[in-house]
*Asks:* 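One structure, pasted below without further comment.
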2 protein chains.
Amino acid sequence: MKRRPTITDVAEAAGVSVSTVSKAVNGRYGVASETVDHVLAVVAELGYESSLIASSMRSRTTGVIGVLVADFEPFSAEILKGVGQALRDSAYDLLAYSGTHGTAEGWERRSLSRLSGTLIDGAIIVTPTVVNVGTEVPVVAIDPHTGPADLPTVEADSFGGALQATRHLLDLGHTRIGFIAGRPDLRSSIARDAGYRRALGDAGIAVDPRLVGSGSYRQDAVRVAALEMLERPDRPTAIFAANDISAMEIVKVAGELGLDIPTDLSVIGFDDVPEASKSTPALSTVRQPMQTLGAEAARLLLSLMRGETPPATHLTLPTRLVPRATTAPPK
Amino acid sequence: MKRRPTITDVAEAAGVSVSTVSKAVNGRYGVASETVDHVLAVVAELGYESSLIASSMRSRTTGVIGVLVADFEPFSAEILKGVGQALRDSAYDLLAYSGTHGTAEGWERRSLSRLSGTLIDGAIIVTPTVVNVGTEVPVVAIDPHTGPADLPTVEADSFGGALQATRHLLDLGHTRIGFIAGRPDLRSSIARDAGYRRALGDAGIAVDPRLVGSGSYRQDAVRVAALEMLERPDRPTAIFAANDISAMEIVKVAGELGLDIPTDLSVIGFDDVPEASKSTPALSTVRQPMQTLGAEAARLLLSLMRGETPPATHLTLPTRLVPRATTAPPK
DNA sequence: ATGAAAGCGCTAACAA
DNA sequence: TTGTTAGCGCTTTCAT
């Protein structure tokens, strides 16, 4: 717990000025090579490391890329792995930040504001709650907010995925198919809703509004909606949830209600987070390439930071049906 | 890309001094409540957010906890989820940092030095390369370095896990069992090595040094070691790898060599990262509770930051054998 | 109750 | 080639 040496300590120990140390450490011109050697020796001896914070207050660039997430949950963790992979060979450090735990609307604006302009040279924001973030650094959004996207975005084909999921249930013979929606402010959630409706429409089935619940990706909300849906006499024989976490909560609620999965109720999710395949029974879902999402966002950001004009600033990656053990024909 | 408002902007717009704004925003005493209201209104209007960096340079505490990782790979991602979970209801923000991508020895000392004293109030370092980190903030190590642990640590029972893994192979009837070791500077790696040797010893089998390779948890090193081991005429019929990433690389190498898993070669890993169960064939492994590791580390750190003296500062969590499809009796 | 001023550790003109 | 100086945005005495 001893005090970290500062540039002043180094300067004193080396018998030179603070600015000389700064120059030596940062390899600026105009320092005698012997002086550099001497300073660096002192630096090594004292174990000096420049404070990222202090440096970033003065210099415009820090060599750090920030990933802003509402929370470190399975989805964002996968994204993070992808970003890490893409940045592995770059010179950038990676800083992931979860502020105020995404409880408040506009968490990303707040986080971005606190970090940008100084700490990070560019940012990737995951499932943001606002469209507009005025910043001084390039920003890429993953799974963006609804509304006009002035930000470069990377997302998965949610509409197509929802279509596949709902059709899968239809193909199995289900006709009463429920839907638990996600965060209504996310473009992806809306697309999943639309995909669900389209698939039903294509099959000539009218959407029963009592079979559509709002889950907002929050377990408590999902629970309420699922309970309400499953306790009614004409309950659905299958439910499509807008993400895996919601789907897993539905499975849990069904279990508490004494419903057998998939005999009494089929459930399908969206995302294919690692937890999906490990749950019992293994969750049927629609896979979105989360790590690739992260990697592509990183590549896009890097390109933006180099001042380039990337050919495409709105990427949509394909999704794929992954049927597992929670979907089966109705009784 | 417009400039973020600073405290000076707010002060000007509100017609008060910078210090008054600071006091108002931070709820300090000595400001008329009408002034506070007025200032806060301007703050809201301008969308001002204090710069984390600038604040942290002046105040000793920031309300941010840092997790330092070499890299955002599956293992550390799981840890991160656990830490996030444990901190969900705390008032702390979470900042995960991967600097210099763990390539250089002592990355965590460097990162810690750059962040601590200013940006973060406490840190969790994952698989550090050094024992000693002199800092101004409390630090907890997960999967710590070998050597006298002056740091509070949280780790899994690597020795017991390795014992289970090797015995599993023994029980299946294997007698020529190889081992690909991990990072030799990690206490856990050494314990896994020891567990392997103990299990063989207990079974009355001498350790064949040609059946022990060093992988250092790096894919290229693992590949070399695996190739060397598997190309010899008296190749092992089973290999225990010190972590899953290594094990998966071995499976890959075996495939290239035309060896069938698990018929020609059994492979078992360690960790049970999400990828293990998703690989084909599904990897047999020893599960360590990574998320719990992270959560416990967070709890320990929180307690330390409150100035408490926790009852135990060295936690060891249990591991569990998870046999899957890559282990079978020898031909 | 308010504001002026110092300074956190560092970088970048500018002077010497 | 080196050192001096002026801030970066903020918090915190200390005057007013």
Side-chain angles (χ1 to χ4, degrees), chain A residues 3-39 42-43 46-64 113-121 136-137, chain B residues 3-40 42-43 46-64 113-121 135-137:
Chain A
R3 210 178 63 82
R4 199 171 75 74
T6 72
I7 197 174
T8 316
D9 299 326
V10 175
E12 264 174 25
V16 296
S17 78
V18 170
S19 58
T20 301
V21 175
S22 176
K23 284 172 200 156
V25 168
N26 296 304
R28 298 276 178 277
Y29 288 110
V31 188
S33 62
E34 340 170 305
T35 312
V36 171
D37 291 347
H38 176 220
V39 169
V42 174
V43 163
L46 262 49
Y48 165 78
E49 286 297 342
S50 78
S51 158
L52 181 58
I53 285 73
S55 333
S56 74
M57 278 203 67
R58 292 302 297 147
S59 38
R60 185 113 295 278
T61 146
T62 55
V64 179
S113 201
R114 302 195 76 191
L115 300 181
S116 98
T118 30
L119 230 205
I120 56 183
D121 292 348
E136 300 142 274
V137 297
Chain B
R3 210 177 62 81
R4 195 173 76 76
T6 71
I7 198 173
T8 315
D9 299 327
V10 175
E12 263 174 27
V16 295
S17 78
V18 170
S19 52
T20 300
V21 174
S22 175
K23 284 173 199 156
V25 168
N26 296 302
R28 296 277 179 275
Y29 287 110
V31 188
S33 62
E34 339 170 303
T35 313
V36 172
D37 292 347
H38 177 222
V39 169
L40 292 186
V42 174
V43 163
L46 263 48
Y48 165 78
E49 286 298 341
S50 78
S51 157
L52 180 58
I53 284 75
S55 331
S56 74
M57 277 204 66
R58 295 297 301 149
S59 38
R60 187 111 296 274
T61 146
T62 54
V64 179
S113 205
R114 300 195 77 190
L115 301 181
S116 99
T118 30
L119 228 206
I120 56 182
D121 293 348
T135 38
E136 299 143 276
V137 299

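Only a predicted model underlies this, so the values are computations on that prediction, with no experimental measurement involved. First the proteins, then the strands, lettered A, B, ... as listed; each starts at 1.
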*Asks:* Quick one: closest heavy-atom pair of A:Ser50 and A:Ser55, and the distance?
*Replies:*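 The answer is OG-OG, 3.7 Å.
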*Asks:* Would you classify B:Ser55 as touching base, sugar-phosphate or nothing, given that sugar-phosphate means primed atoms plus P, OP1 and OP2, and contacts are heavy atoms under 4.0 Å?
*Replies:*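 Sugar-phosphate: the residue B:Ser55, judged by heavy atoms under 4.0 Å, touches backbone atoms but no base.
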*Asks:* Starting at CG of B:Leu52 and ending at C1' of D:dT11, how long is that distance when rounded to a whole Å?
*Replies:*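 My rounded result for the distance is 14 Å.
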*Asks:* Can you give one letter per nucleotide of nucleotides 2-7 of chain D, 5' to 3': B if a protein heavy atom sits under 4.0 Å from the base, S if only from the sugar-phosphate, - if neither?
*Replies:* BBB--B
*Asks:* Over how many whole Å does the gap from B:Ile53 atom CD1 to D:dT11 atom C1' extend?
*Replies:*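 Taking atom C1' of D:dT11 as the reference, CD1 of B:Ile53 is at 15 Å.
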*Asks:* Expressed as a whole number of angstroms, how long is the span from A:Glu34:CD to D:dT1:C1'?
*Replies:*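 Between C1' of D:dT1 and CD of A:Glu34: 11 Å.
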*Asks:* Give me the atom names and distance for the closest heavy-atom approach of A:Thr6 to A:Tyr48.
*Replies:*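 Nearest pair, atom of A:Thr6 first, then A:Tyr48: C-CE1, 3.6 Å.
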*Asks:* For the pair made of CE in A:Met57 and P in C:dG9, what is the distance, rounded to whole Å?
*Replies:*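 It works out to 12 Å between those atoms.
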*Asks:* Within this structure, what is the CG-to-P distance between B:Leu119 and C:dG9, rounded to whole angstrom?
*Replies:*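 Atom CG in B:Leu119 sits about 14 Å away from atom P in C:dG9.
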*Asks:* Mind checking the OG-CZ spacing from A:Ser19 to A:Arg28? Nearest 0.5 Å is all I need.
*Replies:*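 A:Ser19 atom OG to A:Arg28 atom CZ measures 12.5 Å (nearest 0.5 Å).
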*Asks:* Looking at every non-hydrogen atom in both residues, tell me the closest pair between B:Val31 and B:Val36 and how far apart they are.
*Replies:*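 Minimum heavy-atom separation between B:Val31 and B:Val36: CG1-CG2, 3.6 Å.
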*Asks:* Side chain of B:Ser50, heavy atoms from C-beta onward: which of D:dC10, C:dC8, C:dC10 has the nearest atom to it?
*Replies:*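 Selected nucleotide (nearest to the side chain): D:dC10.
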*Asks:* Starting at OG1 of B:Thr61, measure out to CD1 of B:Ile120 and round the result to the nearest 0.5 Å.
*Replies:*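 One finds 12.0 Å between OG1 of B:Thr61 and CD1 of B:Ile120.
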*Asks:* Describe, as an angle rounded to 10 degrees, how the axis at the first end of the helix from C:dA1-D:dT16 to C:dA16-D:dT1 is tilted relative to the axis at the last end, five pairs per end.
*Replies:*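 Result, rounded to 10 degrees: 50°.
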*Asks:* Below 4.5 Å, heavy atoms only, C-beta onward: do B:Asp121 and B:Thr62 meet side chain to side chain?
*Replies:*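 Yes, at least one pair of side-chain atoms sits under 4.5 Å.
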*Asks:* May I ask you to evaluate whether B:Arg28 reaches the phosphate of D:dT11, defined as a side-chain N or O under 4.0 Å from OP1 or OP2?
*Replies:*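 Checking B:Arg28 against D:dT11: no side-chain N or O falls below 4.0 Å of OP1 or OP2.
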*Asks:* Please report, rounded to the nearest Å, how far the P atom of C:dA12 is from the CZ atom of A:Arg60.
*Replies:*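 It is 11 Å, rounded to the nearest whole Å.
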*Asks:* Counting C-beta onward and ignoring hydrogens, is there a side-chain heavy-atom pair between B:Leu119 and A:Leu52 closer than 4.5 Å?
*Replies:*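 The answer is no, as the side chains (C-beta and beyond) never meet within the 4.5 Å cut-off.
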*Asks:* Check the distance between C:dA12's C1' and A:Ile7's CD1 and give it to me in whole angstrom.
*Replies:*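 Rounding to the nearest Å, CD1 of A:Ile7 and C1' of C:dA12 are 12 Å apart.
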*Asks:* Let me know the distance between CD of A:Glu12 and C1' of C:dC10, rounded to the nearest Å.
*Replies:*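 Whole-Å distance recorded here is 15 Å.
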*Asks:* Check B:Met57 against A:Ala54 and note the closest heavy-atom contact, atom names and distance.
*Replies:*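 Heavy-atom minimum between the residues: SD-CA, 4.0 Å.
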*Asks:* For the atom pair CD1 (A:Ile53) and OG (B:Ser51), what is the distance rounded to the nearest 0.5 Å?
*Replies:*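 These two atoms lie 10.0 Å from each other.
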